[in-house]
Amino acid sequence: MAFSLYRNSALIWFSNALVKPLWILWVDRSIQNMAGPEAYGAYYQWFNLSLLLAVLLDGGMANYLNQRSATGNLEEAEWRHLLRVKGYLFLAYLVGTVGLALALDFPRSAWPWTAVMAVMQGFSFLNLFLRARLAGQQQFVAEGLLGAADKAVMVALSLPLLKGNAYLTGDCIQDFTLIQLIGVVTITIATTAWIYRTGNPLKPMSGSPRLASSTLSENSSSSWYLALAPYFVLGFIMTLYYRLDVVLLRLWGSGSLQETGWYAASYRLLDAGMMIPLLLGQMWVGRFAFLQNQMPACLHLLNQSVRIPLILGLGGLLWLGPYAADWIAWWYPGADSIPADKVGLFAPDRILFWHLAAYLPFGTNVVLGSLLTAHQRFNFLIPLHLAALLVHLGCLFWWIPDLGAVGAARACCVTQGLVLLGQVAYCIKVYSWNPWRLHGGYLSLLMVLALIPPALGALTEIRFQFWQHFLVGGGLFSGYLVLKYGRKGLKGLA
């Protein structure tokens, strides 16, 4: 294939790995430690509230635009119509979010900051929408760099804040919120300038397939909305079960802001790990759409893509899971101050374990979901995710009152696992996909290598720390690659 998944993945990952971990694991974590779990918990409730109606900001339009651009079907009139619709939907989202804050009895002091957060989400989703056009046109490097640039601006603006200088409003959390707004607005403007600087971006790519079934009549608005409706419904359902956890923790749990803060502290690592598959997701949708009439090449891309989150997810669970308590103690010095009667509910290390376990299906679902979305398999995707939403709500209702944030994290893992089983079964049936032949050996080897340090600890008096565990397992795995592939080394995985 002329297209190299690992080359483009590496470029996108490297550019983002320089910036986004700094934001998530350094700036965001430092702000929580500075503000305390209760103040940060209040901010995290605003943040998740601003995402509950986020489907109105996208409505599946980013995936729709990506697919249309990749197949060469996007026209200037449709592009302008999409932008107008996004403007109308943003106004509806803004009113709806402020209305939700009132309906859920958020404190009056939180209303203006909920509105600020909503405006920030509006620009964030507009930036995602604009980058979807770049991804659909196979401009993966530009899309990846622009995807990291907003966080680079935010990190730079946060440096005085991390030294205790809340130079915008005098309040740490309020400054943190405004800095995100400034960063997102700046890069959205830059992305818009890049799109219109590229000349004639809507010119169909050479050799791109035309999808007659997706072509919209220029004079039929109803046809256009019908074509967009499945993307909207799917996006709405997925947004609900991704973001309901924190809102329902407030309603069904103890209502403690500290509990929300510790849930956010654990979710941060899952968020950092999801950076890789979510960033690559735009590339995968566009490429799967482009290759849908070339099924052997499409399945080859699927096999390459699935390998990334599977190895990262399994490795993270086996190598980080046993040290969850050590990680929490290192990242958050206040973890030992949780009241004794709340340890079972807050338990940051147990929350982190379930979030680590959720990463494996979560990341793989992004790949499989990108394939099925690109091929417009909505008759399967929508019922699957609707069933997942009902299961998720049932788990939250059952576990949150007794287990609190731990139950919410467990529900996240169970829901993602069910979606993964459904998508894998569908791909095996419809595409005759055989995941075991290509991945079983690598994953089995990874499990064995990850279990060697604990096994040695059980047989001897050696007790491994995380970095020793990582070096032993990683060293053995690297040695295996060198022996098996010789000079090719890591290229053998491709």
Side-chain angles (χ1 to χ4, degrees), residues 24-25 28-29 32-33 36-45 47-49 51 240-274 313-314 316-363 365 388-420 466:
I24 296 172
L25 300 178
D28 196 17
R29 178 179 62 86
Q32 177 167 356
N33 285 331
E38 291 191 6
Y40 190 88
Y43 156 82
Y44 199 63
Q45 286 185 354
F47 181 78
N48 280 273
L49 178 69
L51 286 172
L240 283 180
Y241 73 72
Y242 284 155
R243 294 297 173 180
L244 271 176
D245 301 14
V246 172
V247 175
L248 294 182
L249 263 178
R250 183 175 183 271
L251 296 177
W252 294 346
S254 65
S256 167
L257 293 176
Q258 188 179 20
E259 180 178 24
T260 304
W262 287 120
Y263 187 84
S266 170
Y267 195 86
R268 184 172 291 116
L269 183 62
L270 176 62
D271 195 27
M274 283 306 300
L314 190 59
L317 177 61
L318 293 174
W319 280 340
L320 299 181
Y323 308 100
D326 297 331
W327 279 105
I328 289 294
W330 179 49
W331 281 332
Y332 308 105
D336 57 0
S337 65
I338 297 175
D341 61 329
K342 299 294 184 182
V343 170
L345 292 174
F346 298 176
D349 56 326
R350 292 172 59 195
I351 302 171
L352 177 58
F353 175 82
W354 284 109
H355 280 152
L356 287 171
Y359 180 86
L360 177 62
F362 203 158
N365 282 333
L389 173 61
L390 295 176
V391 170
H392 193 62
L393 286 171
C395 290
L396 291 174
F397 181 77
W398 184 265
W399 285 330
I400 282 180
D402 294 330
L403 300 175
V406 177
R410 183 191 291 181
C412 175
C413 181
V414 170
T415 304
Q416 291 298 325
L418 290 176
V419 173
L420 176 62
F466 167 76

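The analysis underlying the following values was restricted to heavy atoms, covering all of them including side chains, and did not include hydrogens, waters or symmetry mates. Because the structure is a prediction, the values reported are computed rather than measured.
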Q: Verify whether the ring centers belonging to Tyr263 and His355 lie closer than 6.0 Å.
A: yes
Atom pair [atom1]/[atom2] of [X] and [Y] - distance to nearest 0.5 Å:
X      : Y      : atom1 : atom2 : value
Asp28  : Asn33  : CG    : CG    : 10.0 Å
Leu390 : Thr415 : CG    : OG1   : 10.5 Å
Ile400 : Leu249 : CD1   : CG    : 4.5 Å
Tyr44  : Phe47  : OH    : CZ    : 7.0 Å

(Q) Once side-chain contact (heavy atoms from CB on, under 4.5 Å) is applied, do any residues pair with Leu393, and if so which ones, sequence neighbours excluded? (A) Leu244, Leu248, Leu389
Q | Sequence-distant partners of His392, ring-ring contact (aromatic ring centres under 6.0 Å, His included), two or more places apart | A | none
Q | Residues forming a ring-ring contact (aromatic ring centres under 6.0 Å, His included) with Tyr43, sequence neighbours excluded | A | Tyr40, Phe176
For the residue pair [X] and [Y], what are the closest heavy atoms and their distance?
X      : Y      : answer
Ala358 : Cys413 : CB-CA, 3.7 Å
Val406 : Ile351 : CG2-CG1, 3.8 Å
Ala388 : Val419 : CB-CG2, 3.5 Å
Ala411 : Cys395 : CB-CB, 3.6 Å

Q. Do other residues, nucleotides or ligands put more than 12 heavy atoms under 6.0 Å from Phe353 CZ?
A. no
Q. Hey, are the side chains of Trp399 and Val414 touching, using non-hydrogen atoms and a 4.5 Å cut-off?
A. yes
